[in-house]
Novice: 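There's a structure below that I have some questions on.
Computed from heavy atoms alone, side chains included, the values below leave out hydrogens, waters and symmetry copies.
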Amino acid sequence: MTAQALALLELGMILFALGICGRIAGRFGMSPIPLYLLGGLAFGRGGFVELEGAIEFGHVASEIGVVLLLLLLGLEYTAPELMTGLRRSWTAGVLDLLANALPGAAVALILGWGILGAVVLGGVTYISSSGIVAKLLDDLGRLGNRETPVVLSILVFEDLAMAVYLPILTMMLAGLSLLSGLVSLAVALATITVVLVVALRFGRVVSAVLDSTDREVFLLQLIGAALLVAGAASALNVSAAVGAFLLGIAISGSTAQEAAKLLEPLRDLFAAIFFVAFGLSIDPAAIPPVLAWAAGLAVVTTGTKMVVGWWAASREGIARAGRARAGAALVARGEFSIVIAGLAVSYGTADHRLVALASAYVLLMAVLGPVIARVIEPVVTRGGRRSLSAT
């Protein structure tokens, strides 16, 4: 059998298995991300069966998956919405950053992974999964709830924080000198600022350039522009993910809506491959030694996200049940956490145990988040009724 035939067979097996995993996850109302990661662990290096032929394709496809994930995320926002959300949620956003990044950073330092490990793991534990949160709010019929704008504002702050954090992380992983690092960071921040200004003032022009009544032409231009911007951003040490996110912000109006419709199936396909490819790069034997640390972080950062959501919602005068729903909605971690861990893998400068810990943590949180979001309201409601009956 030729190498090409073997690669096609292995890729076909992976895609078919992904479909089955997605169906199983949908049956139980959970995110498919944990199953995708487990699939990668099962068929990667050190797994039950090593699919070497599909690993090379998975690496390229996973890069495209990151670009499409962040492009679609950017399309959900307009630049004015980002600025409004930032002004509205910055205090809750800062609390969220400190409360959820510090536990991860502390564990990395305790385990001897140094400042670089602390920055990586702090980012992993900080950022909520916008994709899982958005799907949960839609599935549970909570998009019109009073607490939902609070949740979305915090997610906006997190996404903007990632636009600053990822260039810094990339600079550190690349091992740049202090002077080179400062220059790289200045270029990154200047690029982000310029793109936001362009999005605020010339978003319609960007949309008009990319727009087309021919869906094929529109799709080719859109993906081509996303890959070009992502590549240019990566060359400037800004991070390909941030470049794609900023392009999404710059596209507005009906163009953004049409782009989201066209790209969503592609995003889902390549995102699934992205999670599997990340799992393929992890040796399953590295996870058991760090599983207890991952579980401890899961417990702590579930509590801290709940506190942040509760506090932010209480500032808006939202009732007890709404505060609990806001906190529970923020618990899930997913795509951004894996993007951060994936950067550590690609540069090869982080401890392999750190990547294993990040994988185990995301597996736990991607399962816990949806479960907690679904059960929190009945629990709070019953608690409230008991307290009323006691009085």
Novice: Of the non-hydrogen atoms in C21 and Y36, which two are nearest, and what is the gap between them?
Specialist: CB-CE2, 4.0 Å
Novice: Which atoms form the tightest heavy-atom contact between P32 and G22, and what is the distance?
Specialist: CB-CA, 4.3 Å
Novice: Output every pair passing side chain to side chain donor-acceptor pair (under 3.5 Å) with a member in residues 289-309, not counting sequence neighbours, ordered by first then second residue.
Specialist: D96-K305, N100-T304, S128-K305, E158-K305, T301-Y361
Novice: Is there a path from L116 to V124 through hydrophobic residues (I, L, V, M, F, W, Y) whose side chains come within less than 4.5 Å of each other?
Specialist: yes
Novice: In the single-linkage hydrophobic clustering (I, L, V, M, F, W, Y; side-chain heavy atoms under 4.5 Å), do F218 and I223 co-cluster?
Specialist: yes
Novice: Check I376 against A324 and note the closest heavy-atom contact, atom names and distance.
Specialist: CG1-CB, 3.7 Å
Novice: Once side-chain contact (heavy atoms from CB on, under 4.5 Å) is applied, do any residues pair with V217, and if so which ones, sequence neighbours excluded?
Specialist: S212, D214, Q221
Novice: Find out whether M365 and L297 are in side-chain contact, i.e. whether some heavy atom of one side chain is under 4.5 Å from a heavy atom of the other.
Specialist: no
Novice: Is L166 close to L343 at the side-chain level, that is, under 4.5 Å between some pair of heavy atoms?
Specialist: yes
Novice: Test side-chain contact (heavy atoms from CB on, under 4.5 Å) on M172 and I115 and set out the steps.
Specialist: CA-CA 10 Å; M172 294 181 68; I115 297 299; 4.0 Å; yes
Novice: Quick test of your reading: applying salt bridge (Lys or Arg N to Asp or Glu O under 4.0 Å), list the pairs with at least one residue in residues 337-348, sequence neighbours left out, ordered by first then second residue.
Specialist: none
Novice: Taking all atoms of both residues into account, what is the closest heavy-atom pair of G117 and L354, and its distance?
Specialist: CA-CD1, 3.4 Å
Novice: Tell me if a side-chain donor or acceptor on R215 pairs with a main-chain N or O of T213 at a distance below 3.5 Å.
Specialist: no
Novice: Counting distance only, does the side-chain N/O of T148 pair as donor-acceptor with the main-chain N or O of G144 below 3.5 Å?
Specialist: no
Novice: When you compare the side chain of W310 with that of R320, does any pair of heavy atoms fall below 4.5 Å?
Specialist: yes
Novice: Would V290 end up clustered with V299 when hydrophobic side chains under 4.5 Å apart are linked, directly or stepwise?
Specialist: no
Novice: According to a hydrophobic-cluster definition based on side-chain heavy atoms being under 4.5 Å apart (Ile, Leu, Val, Met, Phe, Trp, Tyr only), do L364 and V362 belong together?
Specialist: no
Novice: At their closest point, which heavy atom of G104 faces which heavy atom of L121, and how far apart are they?
Specialist: O-CD2, 3.3 Å
Novice: Compare all side-chain heavy atoms of R325 with those of V151 and state whether any distance is below 4.5 angstrom.
Specialist: no
Novice: Any heavy-atom pair between the side chains of L330 and L155 that's under 4.5 Å?
Specialist: yes
Novice: Please enumerate all residues that pass side-chain contact (heavy atoms from CB on, under 4.5 Å) together with I318, with sequence neighbours excluded.
Specialist: R146, E147, V150, A313, E316
Novice: Apply the test side-chain contact (heavy atoms from CB on, under 4.5 Å) to residues I127 and M162: give CA-CA distance (whole Å), side-chain angles for both, the deciding distance (0.1 Å), then the verdict.
Specialist: CA-CA 8 Å; I127 185 77; M162 283 295 106; 3.6 Å; yes
Novice: For a 4.5 angstrom cut-off between non-hydrogen side-chain atoms, does L363 reach V367?
Specialist: no
Novice: Checking L269 now: which residues fulfil side-chain contact (heavy atoms from CB on, under 4.5 Å) with it, not counting sequence neighbours?
Specialist: L15, I273
Novice: The criterion is salt bridge (Lys or Arg N to Asp or Glu O under 4.0 Å); which residues satisfy it with R323, sequence neighbours excluded?
Specialist: none
Novice: Could you check if a side-chain atom of L219 sits within less than 4.5 angstrom of a side-chain atom of L263, using non-hydrogen atoms only?
Specialist: yes
Novice: Give a yes or no answer on whether the side chain of Y165 reaches the backbone of V119 with a donor-acceptor pair at less than 3.5 Å.
Specialist: yes
Novice: Is L220 atom CG crowded by more than 12 heavy atoms from other residues, nucleotides or ligands, each under 6.0 Å away?
Specialist: yes
Novice: Is there a path of hydrophobic side-chain contacts, each under 4.5 Å between heavy atoms of I, L, V, M, F, W or Y residues, that connects L137 with V308?
Specialist: yes
Novice: If you compare all heavy atoms of L173 against all heavy atoms of A344, which two are closest, and at what distance to 0.1 Å?
Specialist: CD1-N, 3.9 Å
Novice: Side chains of T91 and R315: closer than 4.5 Å at any heavy-atom pair?
Specialist: yes
Novice: Can you tell me how far apart CG (L262) and CD (Q257) are? Round to the nearest 0.5 Å.
Specialist: 12.5 Å
